Structures are given as C-alpha cells and as structure tokens.
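In what follows, a structure is listed as structure tokens, so that the remarks can point back to it.
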Amino acid sequence: MVSNTALKIDKTGKSNKDMRLEAIRDIGIVAHIDAGKTTVTERILYYTGKTYKMGEVHEGTAVMDWMKQEQERGITITSAATTCLWKNHVINIIDTPGHVDFTVEVERSLRVLDGCVVVFCGVGGVEPQSETVWRQADRYNVPRITFINKLDRVGADFKKVIGELKSRLKAKGAVAVQIPIGHEDGFIGVVDLVEMKAKTYADKIGEKIEISDIPHDMLEESVRMRGELIEKVAEADEHIMGKYINEENISVSDLKAAIRRATVNFDIIPVLCGAALKNKGIQLLIDAIVDYLPSPMDIPPKTGVNPHTKEKETRIADTDGPLSALVFKITTDPYVGRLVYTRLYSGKLKKGDYAYNVKLNKSERISKILKMHANYREEKDGVEAGDIVALVGPKETSTGDSICDKKHPILLEAIHFPEPVVSVAIEASNKNEELKLAQALDKLISEDPSLKLSVDSESGQTLIKGMGELHLEVIVSRIKEEFGVHCRVSEPVVTYRETITRKVRIEERHVKQTGGRGQYGHVIIEFMPMGLGEGVQFESQVKEGRIPKEFIPAVEEGVREALTDGFLRGFEVTDVKAVLLDGSFHEVDSSKLSFKIAGNIAAKNALRNGKCILLEPIMKLEIMVPGEYLGDVLEDFNSRRGSVREHFIKYENHIIRGEAPLAEMFGYATSLRSVSQGRATYSMEPSHFEKVPKHISDKMLS
C-alpha cells in the first residue's frame with residue numbers, strides 16, 4: 001500500500017501512486033471448454049514463481065481447479081482468483097470456466113476486469129463457447145489479446161484460426177504478433193514479429209528460451225507478416241503512421257507502445273501462439289499481458305448513478321479518491337465463512353472500516369481483507385484502487401452490489417445474468433434434513449445468481465433452476481457432499497415461459513373499506529406482446545396529477561409480481577409491455593399498497609384475456625462427426641425437432657451447426673455416442689425462446 005507520507009514524483013512527473021496503478025493488470029483467462037485455459041493459467045503461475053510445480057488438469061492437480069467436483073470431472077466449474085508478479089508488475093488473474101452451464105462465472109468476472117486473454121485451440125479454432133465469451137467481453141468493453149494454443153497437435157493450423165477470428169467473430173483487428181516455427185509435433189517456438197527474432201525452447205520445462213536470427217526459410221514470410229502488423233497499427237496510431245509513410249525506422253519500444261495503445265482502444269487484437277501443455281509460449285504471453293493489456297489507469301472512468309440525485313457520476317482510478325467498488329462474487333469458506341469478492345475502482349479500504357452498500361442503504365463492517373490464491377488466503381491490512389480481494393464481514397451484501405464511501409455514494413452498472421432453462425424438484429429425505437437443505441440452498445443461491453429457487457404452484461415441490469443438466473448435477477452433488485444433506489431429486493425438466501399474443505386494455509379499481517382508513521387504487525393499463533427476448537417492460541403515460549408519482553413504482557411492482565406466475569401453467573411471463581395510461585386516486589384511502597394490488601390484479605386479468613401461449617428454450621448446437629456416421633447423426637438430430645443452419649467440413653470431420661428445443665435434448669450425449677460409436681462430439685448453449693408448436697402445447701395443457 002501507498003504510505004501516508006508525501007508522494008514521490010519521478011522524472012516523468014508521475015507520482016508513486018500512479019506508478020503503482022500503471023503496474024497492475026487485472027485480467028481474465030477465458031475460452032471454450034478444453035481449449036487449454038486452465039493449463040495456460042497453471043503455466044503462468046509456475047513461470048512467475050507463484051507455484052513451484054505445474055498443476056495438471058488431467059491429473060486433478062491444477063491449483064486453480066481446487067473444488068472436488070472440478071478435480072473429479074477435469075473441468076473448471078467456478079472462477080478462481082490469484083495474483084502473481086512479473087517484471088515489476090502485479091497481475092491479478094481470474095481463471096474462468098469454459099463450459100456453457102457455468103457462463104455466469106465468465107459474465108461476472110469480465111464485468112470487473114480490465115483486460116482478458118482469450119485462448120483458442122489450434123485444432124478446434126473458434127468454437128461455440130468461444131463466441132459466447134467473445135460477446136461477453138464485447139458487452140463490457142474488455143480489451144483482449146488472443147493465444148492460439150495446442151499448436152503441437154495434429155491438425156493445428158495457426159493461420160486458419162486467425163481467419164476464423166475475422167470471419168466468425170468479426171475481429172477485423174486480429175493481427176499476428178508472433179508466428180509459429182514448425183508444424184504439429186515439429187512446433188518448437190515462435191518468430192517474434194515485434195523484435196524480429198526467433199525464440200525457441202531448449203528444454204522440456206520451457207524455462208530456457210533461445211533467441212536467434214529468424215530461420216532463412218521463414219524470413220520472407222516474417223517480413224511480410226511484420227509489414228501487415230505495422231500497417232494495422234499505423235491505421236490506428238498517428239505516431240507510427242508518420243514513421244511508416246516517411247519510411248523511417250520503427251523501434252521495438254515505439255511499436256510495443258503503439259500496439260498497447262491500439263489494443264486498449266479496440267483497434268487491434270494481438271494474436272500470440274504456443275503449446276501450453278508442452279510449456280511453449282507462456283513467458284512470451286505473460287510479456288504480452290504486461291506490454292499490451294491495460295492498467296486501471298488506461299480504462300475509461302467507471303460510470304454510475306448517485307442514488308440521491310439520480311445524476312450520472314464517474315470514478316477514475318485514484319487511490320486518494322472516494323471509495324467505489326463492485327461485488328462480483330460470493331462464496332462460503334469453511335474456515336472464515338462468507339467471502340465477498342470485490343473489485344476496487346477508486347479509494348482505499350482498511351480492515352475494520354465500514355463500507356456503505358448503496359442497494360441496502362446501510363454500512364457493513366469489514367472484519368478481514370484477503371488476497372486469494374484459488375482457495376488459499378493471504379490476510380491484508382488494507383487494499384487500494386485496482387485490487388481484487390475477498391472481504392469478510394458483510395452479511396447481507398450480494399453479487400452485483402456497489403459499495404462505496406457513504407459521503408460520496410455511487411451505484412455502479414449491475415451485472416447481466418442469463419435466465420435458467422432447466423429445473424429439478426428437490427426435497428429432503430426426512431423432516432430432520434429439511435432445515436439443512438434450506439440452509440444449503442440459501443448459501444448456494446447467494447453464491448450463484450444463475451441458480452433460482454421456486455415452488456411449483458400445483459405440486460408444492462421446491463424447484464431449483466439452472467443453466468443446464470451439468471450445472472444442476474454439480475449443485476446437487478455439492479448439496480449432498482459439501483453440505484451433507486440427504487435428499488431426493490427428480491429428473492431435469494425444461495423451464496418454459498409464457499407470453500400474451502394480443503393487446504388488451506385492463507381497467508382495475510381496487511376499493512376496500514374496513515371501517516377505518518380504506519384502500520383505493522384505480523389504474524388503466526394496456527398490455528401488449530413484444531418481440532422475442534425483450535423481457536418485461538413497463539412505461540407510464542399518466543398525465544400529471546391523475547396518479548401521484550410516488551404510487552407509479554408500486555403499480556409497476558404489482559404488475560411485475562403478477563407476471564412471475566403465468567396463466568397457463570404458472571411459468572414466468574416474458575416479452576410483454578405494460579403501459580400505464582390513466583387512473584385515479586383518493587386523497588385519504590390511496591396508498592402504495594392499494595396501487596400495487598390494482599396493478600397486480602390488472603396484470604392477472606391481462607393474462608387471462610391476452611391469449612397466452614407457451615415458449616420453450618431453444619439450444620444452439622455444434623456437432624462434429626466423421627463422415628461415415630453423418631446420416632445417422634442427422635436422422636437422430638432431425639427426430640429431435642432439430643434444424644440445421646450450417647454444414648461444412650473441417651479437418652476431415654463434418655461440422656453441423658443448428659438449433660433444437662431443449663425439451664428434446666435430454667440424454668443426447670448417450671444417443672450421439674450410440675449412433676457414432678463414440679466418435680462424434682457436440683457442444684450446446686442456450687440461444688432463445690420460441691413458441692411451442694400447437695400439437696405439443698395442446699398435449700401439455702390437456
């Protein structure tokens with residue numbers, strides 16, 4: 001931490017607090033499942049001296065995959081944070097899951113990170129979850145570099161993957177800063193196009209990098225590729241453009257600085273390469289993280305809203321500014337209790353301080369501040385802007401909450417969480433287990449915002465809803481093993497939605513007299529269907545004075561509450577807009593409660609009269625299958641109401657991209673293995689909701 005003594009100023013005019021912030025990199029490692037993301041992270045930790053031994057995912061020894069379920073399944077389930085040092089820079093890393101069922105972990109991590117490394121498989125290229133994490137990085141404006149991994153594998157093709165970055169991800173700024181030396185099992189190193197040197201690996205552990213002249217047979221290609229790099233950078237950087245036009249020498253330091261500026265400004269995306277499992281290319285990747293990804297001072301000021309004035313405010317990365325921070329994750333630690341993972345954007349926080357939670361309108365004491373290394377903890381007395389830490393103490397703070405200085409409150413942009421699409425019914429095996437089950441579910445829901453809890457209105461069963469079969473399988477496993485709860489669980493079922501198909505105008509007058517003060521709320525609301533994926537919207541067009549302003553939010557609350565329970569089967573209602581047109585009030589009897597009830601009843605009547613239909617979740621799939629099994633796989637896919645959107649050949653395999661209803665996809669992994677003798681693979685992620693075909697909905701509603 002910066003001391004309270006006078007700040008030191010260096011020869012460039014920068015204070016030591018600025019230099020500290022400039023030396024921080026808050027980054028994430030993201031990728032499609034099995035692209036080698038956790039292996040990359042493990043190598044980074046080894047080469048930076050954070051660990052003394054390389055952990056391996058396939059052996060269940062990866063430091064970042066510390067959960068029992070992760071070690072057993074060989075996949076990352078929860079994002080893990082760590083910190084390491086490299087060339088006088090602090091790199092805070094969050095390693096995220098690659099499986100689509102745990103995409104919420106990527107979402108909340110990217111929300112608080114300044115940059116990211118996107119890992120691609122040199123063989124698989126741009127895969128479905130690659131597209132998802134790319135869109136998530138776009139949503140939060142996260143600058144990125146890419147690392148094409150597994151170039152030692154048969155079928156690896158560096159240039160083809162760059163082509164897919166440009167065609168499938170629309171990453172026009174993707175440009176190589178390295179090219180591989182050797183092909184497949186002959187891959188031995190890279191040509192660094194910035195320094196124009198060959199860098200090869202002399203030992204198996206990858207610690208000794210031999211720097212030499214570029215091989216003669218690669219010199220022409222290297223000069224051409226460096227020219228493309230300089231042209232791309234010159235388009236975005238005036239300094240380099242001037243030197244390029246005047247044919248002046250462009251130094252390594254000038255080019256690196258320009259690449260950094262262009263990366264931070266989203267003008268280019270540097271592409272690096274290597275083979276993490278064979279310990280090749282990782283040190284150069286860490287160099288690129290330091291050289292090209294932004295520090296907290298490089299990113300735009302964070303914007304938010306003052307909860308009192310409702311005006312926009314900003315916070316720059318400044319340790320002397322007012323505290324502003326965002327909570328992005330909650331976990332439960334068996335030793336220290338509830339951990340509140342937090343990113344500090346400005347100000348300082350010390351152990352024992354009280355941090356103000358804007359949403360709760362209350363302050364909570366910080367009893368401990370922990371720097372995390374996966375599941376290991378290092379206690380700190382205080383932290384500052386740019387740090388990512390776990391706080392102990394806040395009991396009511398939840399994911400997405402803003403914490404700040406009470407005298408300078410700011411509500412930061414929330415985190416977007418996808419809606420769950422699969423549910424299972426769960427019940428305790430006996431009365432003694434009911435309390436334990438309730439406590440376990442309470443903790444898990446506070447940890448995972450994509451996990452929802454509801455009660456079936458017909459059966460009275462408790463339902464847990466998640467992002468997929470694997471997501472719920474892991475949750476149930478944790479309930480049984482981690483929390484020691486004996487419970488029964490049903491087979492997974494689809495979480496449908498309902499919507500209206502015609503516009504209806506509802507007038508509702510809620511009047512109740514009880515002897516004393518009565519209740520009076522009168523509303524006229526028009527409900528109309530919206531486009532797929534537009535959710536629930538509310539708008540007020542009430543003329544001033546017809547309904548007091550303070551009662552209008554209560555009407556919206558009543559409407560939204562009613563739409564959580566649909567008319568047909570009690571599924572949540574979506575893609576509906578409610579417009580409050582008119583109404584009236586009573587000076588004595590009207591209250592927020594009266595108008596909430598009026599809005600609630602109006603919405604229920606709208607569902608009754610709006611010709612409701614069922615909507616089902618549609619999944620996006622990519623299936624890879626050898627040619628001899630293509631016919632059987634397509635026949636099975638079509639029998640599941642699947643529709644093929646794209647079909648092409650890649651690396652001697654047929655790739656089928658299409659969509660199918662989730663209701664038809666349960667058990668698909670077993671079926672696909674059966675029809676392809678185990679040689680076909682697939683990936684699947686939620687896409688959108690569509691109207692359930694009439695013959696199926698009639699059967700469901702009969």
Side-chain angles (χ1 to χ4, degrees), residues 32-34 99-101 103 124-132 164 167-168 418-424 466-473 491-499 501 531-533 569 571 575 613-702:
H32 180 90
I33 190 170
D34 204 33
H99 196 286
V100 66
D101 280 18
T103 190
V126 176
E127 298 169 279
Q129 187 65 3
S130 310
E131 295 183 60
T132 302
E164 289 186 3
S167 62
R168 289 191 61 185
E419 287 296 315
V421 294
V422 181
S423 65
V424 294
M467 298 305 300
E469 287 183 88
L470 180 60
H471 183 202
L472 293 181
E473 193 180 309
E491 289 296 312
V493 294
V494 176
T495 299
Y496 291 86
R497 296 282 187 273
E498 297 182 24
T499 193
T501 57
L532 289 170
R569 288 283 302 274
F571 294 115
D575 303 332
I613 59 169
L614 289 175
L615 301 174
E616 63 179 345
I618 303 298
M619 310 302 285
K620 184 167 65 176
L621 288 96
E622 180 170 299
I623 307 165
M624 185 167 71
V625 54
E628 59 263 41
Y629 304 105
L630 179 63
D632 291 337
V633 168
L634 283 172
E635 184 181 348
D636 180 63
F637 185 59
N638 291 332
S639 73
R640 296 171 182 271
R641 294 196 280 138
S643 58
V644 177
R645 303 293 189 207
E646 195 177 358
H647 176 201
F648 58 94
I649 296 174
K650 181 178 181 181
Y651 310 126
E652 300 180 355
N653 282 312
H654 288 258
I655 306 297
I656 302 162
R657 292 190 183 131
E659 297 173 349
L662 175 61
E664 307 288 347
M665 298 310 294
F666 291 116
Y668 185 61
T670 303
S671 177
L672 186 65
R673 280 196 297 269
S674 174
V675 297
S676 68
Q677 295 186 14
R679 294 181 62 194
T681 61
Y682 81 104
S683 60
M684 180 170 72
E685 63 177 290
S687 176
H688 61 280
F689 280 82
E690 273 184 13
K691 179 182 176 181
V692 176
K694 190 173 186 306
H695 69 281
I696 295 176
S697 65
D698 287 348
K699 195 180 294 182
M700 290 175 64
L701 299 173
S702 62

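Please read all numbers here as calculations on a predicted model, not as lab measurements. We use all heavy atoms of the structure for the numbers below, so side chains are in, but hydrogens, waters and symmetry mates are not.
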Rounded distance (nearest 0.5 Å) linking atom NE2 of H647 with atom CD1 of I649: 6.0 Å
Nearest heavy-atom neighbours spanning P661 and I618: CA-CD1, 3.9 Å
What donor-acceptor contacts under 3.5 angstrom involve side-chain atoms of residues 667-675, with partners at least two apart or in another chain?
unit_1: S671; atom_1: OG; unit_2: D636; atom_2: OD1; d: 3.3
unit_1: S671; atom_1: OG; unit_2: D636; atom_2: OD2; d: 3.2
unit_1: S671; atom_1: OG; unit_2: R640; atom_2: NH2; d: 3.2

Please report the interatomic distance CG(L662) to CD(E616), rounded to the nearest 0.5 Å. 8.5 Å
Are there over 12 heavy-atom neighbours, none belonging to E690, within less than 6.0 Å of that residue's CD? yes
State which residues pass ring-ring contact (aromatic ring centres under 6.0 Å, His included) with Y496; sequence neighbours excluded, sorted by chain then number. F571
Tell me the closest heavy-atom pair linking S697 and L614, and the distance in Å. CB-CD1, 4.4 Å
Heavy-atom donor-acceptor pair, E622 side chain to I655 backbone, under 3.5 Å: no
Do you know which two heavy atoms are closest between G466 and H471, and how far apart they sit? CA-ND1, 3.5 Å
What pair of heavy atoms forms the shortest contact from R497 to T495, and how long is it? NH1-CG2, 3.2 Å
Can you name the nearest heavy-atom pair linking D575 to G533, along with the distance? OD1-N, 3.0 Å
Using the salt bridge (Lys or Arg N to Asp or Glu O under 4.0 Å) rule, collect all pairs that involve residues 659-672, keeping only residues at least two apart or in two chains. R641-E664, R645-E659
Measuring from H654:NE2 to Y629:OH, what's the distance to the nearest 0.5 Å? 13.0 Å
In this structure, CG of N653 is separated from CG of L630 (nearest 0.5 Å) by 10.5 Å
Would you say L621 and F637 make side-chain contact, with heavy atoms under 4.5 Å? yes
Counting N and O atoms only, with roles assigned by atom type, does the side chain of E164 sit under 3.5 Å from a partner on the main chain of V126, one being a donor and the other an acceptor? yes
Heavy-atom nearest pair, G642 first then A660, reads CA-CB, 3.8 Å
